Amino acid sequence: VFGSSIAFYNESLRERLLFEQRILNTMEDSLKRGDFQIYLQPKVEIATGKLIGAEVLVRWIHPEFGLISPGDFIPIFENNGFIYSMDLLVWEKACALLRKWKDEKRECIPLSVNVSRRDIYHEDMIQNLSDMIQKYRIQPEELHLEITESAYVKNSQQMREVIMRLRKLGFIIEMDDFGKGYSSLNTLSELPVDVLKMDLEFLRQGENTKQREQIMQFVINLANEFKVLVIAEGVERADQADLLKTMGCRYAQGYLFGRPVPSEEF
Ligand code: C2E
Ligand code: MG
Ligand code: MG
Ligand code: MG
């Protein structure tokens, strides 16, 4: 048993390394060829079901592997620095979509794009974003920037400065995955953010349900007091939506309201 489990471990590690190698070898071509696509997932007001916005989530339609989820390649891109090129493309696609909706005289909703911790430290980010909204003639408040809380906690000084400058330009900042692992409530008190996205871990079933609900209630109250909008992530069932509503959380995102779908389908 011992022997075979070692063999199995080696095999999967080998596969993992091969996969990563293929990712690294194909990313540039894929970027040029347009293999990175955007999916959209609705954000809604719980009480009415009204659409208030959408999150833009990248998907890689890989020539060999088919559709790959961001969890499988974002960490690799964050390591080698490719993330910025890919995110730029995603942001541009979001801006182009907003422009298209405007040209077609459709009702526009804000689009939220994800911003990697690494992007924040890229010296051109603010300029690139400003140029982009100018090029597509959209308002900064139509493009929301989701930044994960863990990114915010580390190196908070520089992070705060960049966020402050972005907000001054009119971009809306959403703190993503709030409460996941770090859950430092003191970031809340110095919060240069407009929206707080409560991590889906809070709604997971399992042990300490009561305790998690209490923390959730605390976070919602605090956010309401600070006039920061709260969006609950990962709402899959109606009872979760009801609970959130009674807790004073007005907005949500999750499979209950809609899965991420290709932008044309959205
Ligand atoms: P995130 O920003 O927290 O995005 C929410 C994730 O939760 C998405 O996974 C979404 O599909 C998933 N989700 C939504 N509703 C539900 C639900 O009801 N239940 C469950 N179990 N999951 C739900 P996805 O698309 O696989 O993305 C994973 C992460 O990858 C994102 O987490 C984000 O951190 C990152 N990511 C995605 N797109 C981009 C991008 O364009 N740029 C960067 N830098 N990161 C991205
Ligand atoms: Mg996000
Ligand atoms: Mg999130
Ligand atoms: Mg998340």
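Note that ligands are numbered from 1 as they come in the structure, with each ligand's atoms numbered from 1 the same way. Remember, it's a predicted structure, so these values are computed and weren't measured experimentally.
Closest approach of Ser263 and Leu97 over heavy atoms only: CB-CD2, 3.9 Å. Listed here is the closest heavy atom pair of Glu142 and Leu98: O-CD1, 3.8 Å.
Counting heavy atoms closer than 4.0 Å to ligand 1, residue Leu256 contributes nothing at all. Within the 4.0 Å heavy-atom criterion, the part of Asp176 lying near ligand 1 is the side chain and not the backbone. Neither the backbone nor the side chain of Arg259 has a heavy atom within less than 4.0 Å of ligand 1.
Residue nearest to atom 43 (C) of ligand 1, selected from Thr148, Asp199, Asp87: Asp87 (by heavy-atom distance).
Aromatic ring pairs are classed by plane angle as parallel below 30°, tilted from 30° to 60° and perpendicular above 60°; the pair Phe19 and Phe65 is tilted. The aromatic rings of Phe82 and Phe36 sit tilted, their planes meeting at an angle between 30° and 60°.
In this structure, Lys197 falls outside the shell of residues with a heavy atom less than 4.0 angstrom from ligand 1. Distances from ligand 1 to the non-hydrogen atoms of Gly71 include no value under 4.0 Å. Judged by the shortest distance from any of its heavy atoms, Glu233 lies inside the 4.0 Å radius around the atoms of ligand 1. Residue Arg59 places a heavy atom less than 4.0 Å from ligand 1. Between Gln41 and ligand 1 there is a heavy-atom distance shorter than 4.0 Å.
Within ligand 1, the atoms closer than 4.0 Å to a non-hydrogen atom of Pro260 are 11 (O), numbered from 1 in the order shown. Within ligand 1, counting atoms from 1 as listed, the ones closer than 4.0 Å to a heavy atom of Ser116 are 44 (N). Atom numbering of ligand 1 starts at 1 in the shown order; those under 4.0 Å from a heavy atom of Val90 are 41 (O). Annotation for ligand 1: atoms under 4.0 Å from non-hydrogen atoms of Ile83 are 44 (N). In summary, the atoms of ligand 1 found under 4.0 Å from a heavy atom of Gly254, numbered by their order in the structure, are 15 (N), 18 (O). If you number the atoms of ligand 1 from 1 as listed, the ones under 4.0 Å from a heavy atom of Glu236 come out as 17 (C), 18 (O), 19 (N), 20 (C), 21 (N).
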| Can Glu236 and Gln240 be said to form a side-chain hydrogen bond (donor to acceptor under 3.5 Å, both in side chains), step by step? | CA-CA 7 Å; Glu236 297 181 352; Gln240 294 172 325; 5.8 Å; no

| Candidate pair Phe178 and Phe202, rule ring-ring contact (aromatic ring centres under 6.0 Å, His included), full reasoning | CA-CA 10 Å; Phe178 186 85; Phe202 278 113; 7.5 Å; no

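Residue Asp103 is tested with Arg99, Arg106, Lys105, Lys100 for a salt bridge (Lys or Arg N to Asp or Glu O under 4.0 Å); the sole match is Arg99.
Here Tyr136 and Trp91 keep their ring centres 6.0 angstrom or further from each other.
Residue-level check: among N/O/S atoms of Glu146, OE1 sits closest to the Mg ion (ligand 2). When you scan the N, O or S atoms of Asp176 for the one nearest the Mg ion (ligand 3), you land on OD1. Distances from the Mg ion (ligand 2) to the N/O/S atoms of Glu55 are shortest for OE2. Of all N, O or S atoms in Asp177, the one lying closest to the Mg ion (ligand 3) is OD1. Glu233 has its closest N, O or S atom to the Mg ion (ligand 3) at the position named OE2.
Taking 2.8 Å as the threshold, Asp199 does not count as a candidate ligand of the Mg ion (ligand 3), since none of its N, O or S atoms lies below it. At least one N/O/S atom of Asn114, whether from backbone or side chain, sits less than 2.8 Å from the Mg ion (ligand 2).
Checking Glu55 against Ser112 by side-chain atom types alone, no donor-acceptor pair falls below 3.5 Å. Judged purely by distance below 3.5 Å, without hydrogens or angles, the side chains of Asp176 and Thr148 never pair a donor atom with an acceptor atom.
Figure legend: Arg59 and Tyr39 shown as a cation-pi pair, the cationic atom lying under 6.0 angstrom from the six-membered ring centre and within 45 degrees of its axis. Tyr255 carries Arg259 over the face of its six-membered ring, with the cationic atom under 6.0 Å from the centre and within 45° of the normal.
Linking Ile, Leu, Val, Met, Phe, Trp and Tyr whenever their side-chain heavy atoms come within less than 4.5 Å puts Ile147 and Leu88 in one cluster.
Met27 is listed as a side-chain neighbour of Phe77, based on a closest heavy-atom distance under 4.5 Å.
Residue Gln253 has no nitrogen or oxygen atom sitting less than 3.5 Å from a nitrogen or oxygen atom of ligand 1, judged on distance alone.
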